[in-house]
Every structure is written in structure tokens, then in C-alpha cells.
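Right, one structure below, let's go through it.
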Amino acid sequence: MSAPARVPFHNPGWAGNTGEFDLTEADVRGTDFVGERPLDGGHESAAPSYPYMLPDKDPDAVLFEGPYKERFEKIRTRYPTARGALIPTLNLAQELRGHVSPETMDEVAALLGLASAEVRGTVTFYTMYNKRPVGRFLIQVCTNISCSLCKGEEVLDAFLRHTGTELGETSRDGDFTVIEVECLAACGFPVAVQINSRYYENVLPDDVPALLQRLREHGE
Amino acid sequence: MAYPYVHEREVRMISRNFGDPAARTLDGYRERGGYRGLERAFEIGPAAVIDEVKASGLRGRGGAGFPTGLKWSFMPKAGVKPHYLLCNADESEPGTFKDRELIRWDPHQLIEGCLIAAYAMGSRHAYIYLRGEFFEASQVMARAVEEAYERGFAGRRILGSENDIEVTVHVGAGAYICGEETGLMNSLEGRRGEPRVKPPFPAAVGVYSMPTTINNVETLAAVPHIVEHGGEWYRQWGTDKSPGTKLFCVSGHVEKPGNYELPLGFPMMELIEDVCGGVAEGRSLKSVIPGGSSVPLMDVEDCRECTLCYEGVEAAGSMLGCASVIVMDDRTNIVREVRRMVQFYAHESCGQCTPCREGTPWMTQVLRRIEAGRGTESDLDTLLDMSAQMTGTTICVLSDSAAAPVVSSIEKFRDEYLALIHGGERVEVA
Ligand SMILES: Cc1cc2nc3c(=O)[nH]c(=O)nc-3n(C[C@H](O)[C@H](O)[C@H](O)COP(=O)(O)O)c2cc1C
Ligand code: SF4
Ligand code: FES
């Protein structure tokens, strides 16, 4: 019998095999993305935000100015309470600063008129908020059941070995932090790995050195 | 089209646009027959829409299989209070990977489903709650929502009618428990995603304390087809108790893993042998988890006669859940995989209920000990005892879910546990 069939390791679009979907990160993060049509009472558009980080992080970035301010204001109109906007606002803060420090939590609390303790309670509940700085690339390897059946732990080991780090630690050059994550909802294409915002699917231990090289050279 | 694999026995309804990037635009979707369900909904009115969905017998695809039409009819009559529709796109049940595909290949199908559902229940605001990891899927979704607004398919006076429905894409920040309906509501309000005690039920007091209905992505994706063609039409597939088609997410040790849309009631062995090309590398089958990590494991004996519908899998001693079929071959170390699942629940427990908060890490420890060859036979009794204490005693069923693989694996694969306990090593290691 032949070896298990698998899609060859390449990511033509976002998240694996998405064919011609060729937006770049720059495209999707542009200001036009949040829409141009403010309407009475609220902003009728999609204004989502993402709890991931840019490769270039600025822990001292202002909350918020320029296009980020615009996105924040649009987000605020999409929820009936200020508190409802908390998670999208935190997402925006992390996208900009790379992690959510206690100071960031306080600033976000002030922006939305919430108690700091409430904001801290929320931040620490969610795994995607980095409570301390991480490397330029946050490598998240799924080792849950379907991936575990298809070499999940070996892929995790390969990442640790080739980056020379311990689990959760950042490599000396500041490039890589490797962590283990729970199911990424890509179980049919194991092993699923998320690096910053992007999914890499069908990753096997042997693919790891080339993947790291690609990150160093191309930034994604 | 070769999305990644297709099979001739599939009935591609909700997955018909998988692998076809042109269907992501509003025009592309219209060309493929899109938004006719919405037009028909506006013609026949909200009550008739609910009747069609009831007639179709559609059952919730988020795991519990509750009849969708009935759930919708629990919503109070539209009045002064706002009503909310929530689309559950938090997909995080291990083994499940269908909602992400529905979103990233066919976002307008989901928008159409949300609009019809919101219209039927007098809701003027639909939130689509995506898990935080879904960056690409949320991009696709956000673009599609923008386009729908631009072209008059969302927002004010939809299609020139009197109907206003807002659609908001909301992205979470990583927590399995936010997939539980009331946990999702708390999360959407900016709180920790801790499930709420029921009653009150969401149809009375939901998100922002308002009447709320929550549906899975796949449930809502089927709605436009049902409303366009009628409930009876949908019943031509599936069984009497489980009508329609379902996406089966097959993962693990099969030649061709992936999403396959099949009529409910499809035989399990034919799914594995025929549709998925058999167990990988010509190995033999040891166990199948038919509905994601929260349901009991099945052994080969259970699989043989099992048909994949709600009642069929139940008769075989497990649950259909989200139809996430995880296949394990004869080399699989069952104890290790069960430990990995329980470890997941320990990580994801929200911590409100003692049996769950304390039980899940404790079970993980005991399983680790057995795995390392340091267990005793009485550990098995301890595990069963803990499982009993964790079942039916907590606010949500995460705790029960953690116990399910433990109990079923001890029942069906006791000899594997014993081999580790007595031999210190399994007979055959991968
Ligand atoms: C711990 C837990 C996690 C859940 N996760 C999800 C999920 O990720 N996606 C989902 O649609 N339903 C999930 N559910 C089921 C939801 O609570 C709810 O039943 C479902 O979204 C209702 O939609 P449906 O009637 O269309 O199936 C989960 C339930 C529990 C108890
Ligand atoms: S059972 Fe577990 S996850 Fe569910 S509410 Fe209780 S502690 Fe939280
Ligand atoms: S188990 Fe790894 S992505 Fe689901």
C-alpha cells in the first residue's frame, strides 16, 4: 500500500490550500479594510480585530492613533455596551504591541471606562493574549488528538530542536517562541501549526528546517 | 475540482463551493444560485420560514443535535426588546474542522443563513463569533460582510424591503469553553467565557440579557437551501430522525482525510473503507471516535454495523456529536491518546465547578502514571470513580466530555491499560 496521501508542503494562500486567495498581510491590514461608511448610530461594516501580533512589535505604541484609532472607534459602535468592545480592543492592542502587559490592561480599562481588575480577569482567561513579550514568530504547534496521531509531538520536538529553545522560551536572536496549542480546527491536515496569524498545514518533522529558513528570509 | 479530495458518493449541498475561490464574491455566489433562499424567506414571511425549517427536521450541527426549527420557535414574539442571533463559529472540538472550511470557501452562504434566521426570529443583529485563531477565515468573512453591506444584502432595508439586519464579525481570543453557548454569550459581553447556569435559557435571557438564539455555522449554512427548496425536499436525504446531509470531518489514520458531505445514515465502514480510501498504510482499524473528542470511543465491533446518524451512533454506544470521525489504527497507544484528550479538558476547564476543575488535572496525572508504566489496577477503579463524580454534576457538559473517553476506553480497551500496568510496556509500540 502507498504511503498516506498528503497535500505537499506549500502554502499558496492563507492557511494552506486556499487556491487563488492571495491577499498579503499588508493588504488586509490597510485602513480601507475597515470600510468607509460611517452611518448614524453605528458603523455598518465589518470591523473585526485579531489577537495576533505583527512580526515587528512596538511595545510602546500609542493606544490608539491613526488607522488604529479609526478601527477602535468603529469597533466601539458594534456593541451595545463598552464592555462588549473589550475583547476586540484588547485584540487591537496586542496586534500593535505584541503582548498585553499589565500597563496595557490598565490603559484599555481607562479607554473603555472599566475597572482594571475586570480587564485583568478577562485577559488572563484567554490563551491568545501574550502576557509577556514573545519572539518575532510565535510558533504554535497542535498536539491534540488528530495531530497527535500523525506525529504532532515529533513536530513540536523538531521545532524546539531547530530553534534551540525550550517550550515557551524565546530564542536568543529574538526570532522564535515555540508553544504547544490545543486543536486548531485543521485536524484533517495534520500536523497543524500556526505561526503568528497564519496556518501551516500538513507539516511533518522533516519540513521544519525549511520552514524556519523561510520565516527568517521572507518574514512569513 | 479537487478540494482536497472529493468522492462520487458525496451529496455536495453546503460544500458545493469548496475549492472554488470565485464563489467567495457576492457575484460569484449569486451566479451559483445564492441569496434565493433569502428572497423566498422575505416572500413567505417569518412564521412560514420557521415552519419550513421545522418540516425539514434539521438538527443542530454544533454537537447536541437539537431540532433547529423548534429552537427558533422558543424565541418570544418580536417586541421592544432587541433579539439577537449568534452564529457559533468558535469551532474547537478536537477532530472538528468543517466550520472553518464553510467560512473560508463560502462566506455568503453563512451570511445568507444568518440573515434568514435573524429575519425568522425578529432579530435585527447577528453576531458571527469566530475563534481567535481563524485569521484567514475572519478576513474572508469580513470582506464578504462588507460586500453584503455595500450591495444592500445586509444593514438597512435589505433588498429594498423593510427589513434591517446588522451583521457583525466578532473574533475571540482563544478558549474552547467559549464554544459552549452561554460561555460564548459571556465572552461576547467582554467577560471570561464561563458558562451560565440554566435556566434561564438563552431564548429568554441571553446575550446582553436579551432573547438570544445560537446556532452552529453548519446549521445556518443548510438553512438557505431548506428555505429555497422547502423542508420536504431536504428530507430526501438522511433518515427519518436525522434528515439531510452532514459534513463528516475525517482525521487520523486514513488514506484520505478531509471533509465529506454525505447523507446522514451513511455506513461508518463505507466512509472509512470506500470514501476515505481505508486505514492509512494498509494497517487495520483499532478504534474510532465518531463525534469529536467529547464522545465515547468505539471498537471495531461497534463500528461494523454502525450507521452515521444521530440514532445510529447512539445505538452503537457513542454519539454523533459534530460528526468528527477520528480513526485510529492498530499501532495506536490508546492510553496515551486518551491522556492527551483529558489533558486538553484540564487545560480548557473554566474552573467554576469543582468536579471539573479538580477532576480533569487529576485524571491526567493518573493516566500519565499508567502511561509511564507506574500504574496499578486500582488506578482504573479510581479513574472510573472520578468519572462518575464528574458526570452530570456540573454547570456545562465539559466535565462529562472529559469522562467519556476515559470510561469508554477502560471498558473497551482494558487490556491495553493492563498491559501497561503489568508489563510496563505495550506489546507493540509504534
Ligand atoms: C464545552 C462545549 C463546547 C462547545 N463548543 C462548540 C463549538 O465550538 N461550536 C459549536 O457550534 N457548538 C459548540 N458547542 C455546542 C453549543 O453549546 C450549542 O449547543 C450549539 O452552538 C448550538 O447550535 P446548534 O443548535 O446549531 O447545534 C459546545 C458545547 C459545549 C458544552
Ligand atoms: S463543567 Fe467545567 S467548563 Fe463547564 S462550567 Fe463547570 S468548570 Fe466550567
Ligand atoms: S487536532 Fe490538531 S488541528 Fe485539530
Side-chain angles (χ1 to χ4, degrees), chain A residues 1-5 7 13-15 17-21 23 28 33 35 37 39 42 44-52 78-81 83-88 90-91 114 121-122 125-129 143-146 148-150 182-190 194 197-199, chain B residues 4 19 21 91-97 99-100 104 131-133 135-136 138-142 145-146 149 155-156 166 168-176 187-193 208 249-253 255-259 280-282 293 324 326 328 332 337 340-341 344 347-348:
Chain A
M1 267 283 223
S2 58
V7 185
W14 288 90
N17 242 347
T18 44
E20 291 152 38
F21 192 72
L23 296 177
V28 294
F33 153 71
R37 285 159 288 101
L39 283 168
E44 294 206 348
S45 75
S49 58
Y50 315 95
Y52 71 95
R78 304 302 291 167
Y79 301 88
T81 64
R83 194 183 179 121
L86 175 57
I87 286 176
L90 288 166
N91 290 352
L114 302 170
T122 295
F125 187 83
Y126 295 94
T127 50
M128 288 185 75
Y129 296 129
T143 58
N144 210 313
I145 177 86
S146 305
S148 154
L149 291 170
C150 303
E182 300 298 355
C183 178
L184 290 168
C187 327
F189 320 106
Q194 185 176 21
S197 57
R198 186 168 184 167
Y199 275 33
Chain B
E91 183 164 61
S92 18
E93 172 84 5
T96 314
F97 52 100
D99 298 344
R100 170 166 164 255
R104 67 190 185 130
R131 63 180 293 185
E133 289 84 348
F135 175 76
E136 183 231 18
S138 55
Q139 289 298 327
V140 175
M141 201 66 228
V145 168
E146 287 269 287
Y149 269 105
R156 306 288 155 84
E166 299 266 5
T168 296
V169 178
H170 176 94
V171 181
Y176 168 67
S187 179
L188 192 57
E189 292 178 12
R191 298 168 200 280
R192 293 184 296 278
Y208 303 114
C249 314
V250 190
S251 66
H253 300 145
E255 282 290 332
K256 297 176 182 173
N259 278 301
E281 296 171 29
S293 70
S324 322
I326 306 169
M328 295 180 256
T332 309
E337 301 309 332
R340 185 60 189 84
M341 289 188 276
F344 161 75
H347 183 252
E348 300 297 336

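No hydrogens, no waters, no symmetry mates; every other heavy atom, side chains included, goes into these values. Proteins get letters first, then strands, A, B, ... in listed order; numbering begins at 1 in each.
- A/C187 and B/S251 make their closest contact through O-CB, 3.4 Å (heavy atoms, listed as atom of the first residue, atom of the second, distance).
- Contact of the A/F125 side chain with the B/R191 side chain is not registered, since no non-hydrogen atoms from C-beta on lie closer than 4.5 Å.
- In plain terms, the two heavy atoms of B/E133 and A/Q194 that are nearest each other are O-NE2, 3.2 Å.
- Atom-to-atom distance recorded for A/Y199:OH and B/R104:CZ is 9.5 Å, nearest 0.5 angstrom.
- Looking at B/Y208, the atoms closer than 4.5 Å to chain A (heavy atoms on both sides) all sit in the side chain, from C-beta outward.
- Contact of B/E93 with chain A is made through the backbone alone, with heavy-atom distances under 4.5 Å.
- Only the side chain of B/I326 has a heavy atom closer than 4.5 Å to any heavy atom of chain A.
- Contact detail for B/L188 and A/Y79: the closest heavy-atom pair is CD1-CE2, 4.2 Å.
- Nearest heavy-atom pair across A/Y126 and B/G193 is OH-N, 3.3 Å.
- Ranked by heavy-atom pairs shorter than 4.5 Å toward chain B, the options A/N144, A/L86, A/L114, A/L184 are led by A/N144.
- Heavy-atom distances place both the backbone and the side chain of B/S187 under 4.5 Å from chain A.
- Contacts of B/E91 with chain A are made by both backbone and side-chain atoms, with heavy-atom separations under 4.5 Å.
- Shortest non-hydrogen contact noted between B/T168 and A/R78 is OG1-NH2, 2.8 Å.
- Residue A/C183 comes nearest to B/G95 through the heavy atom pair SG-N, 4.0 Å, listed as atom of the first residue, atom of the second, then distance.
- Between the A/N91 side chain and the B/V171 main chain, a donor and an acceptor come within less than 3.5 Å of each other.
- Proximity of B/E337 to A/L149: side-chain heavy atoms (C-beta onward) are separated by under 4.5 Å at one or more points.
- Partners of A/E182 under the salt bridge (Lys or Arg N to Asp or Glu O under 4.0 Å) rule, at least two apart in sequence or in another chain, are B/R340.
- The distance from atom CD1 of A/I87 to atom NE2 of B/H170, rounded to the nearest 0.5 Å, is 5.0 Å.
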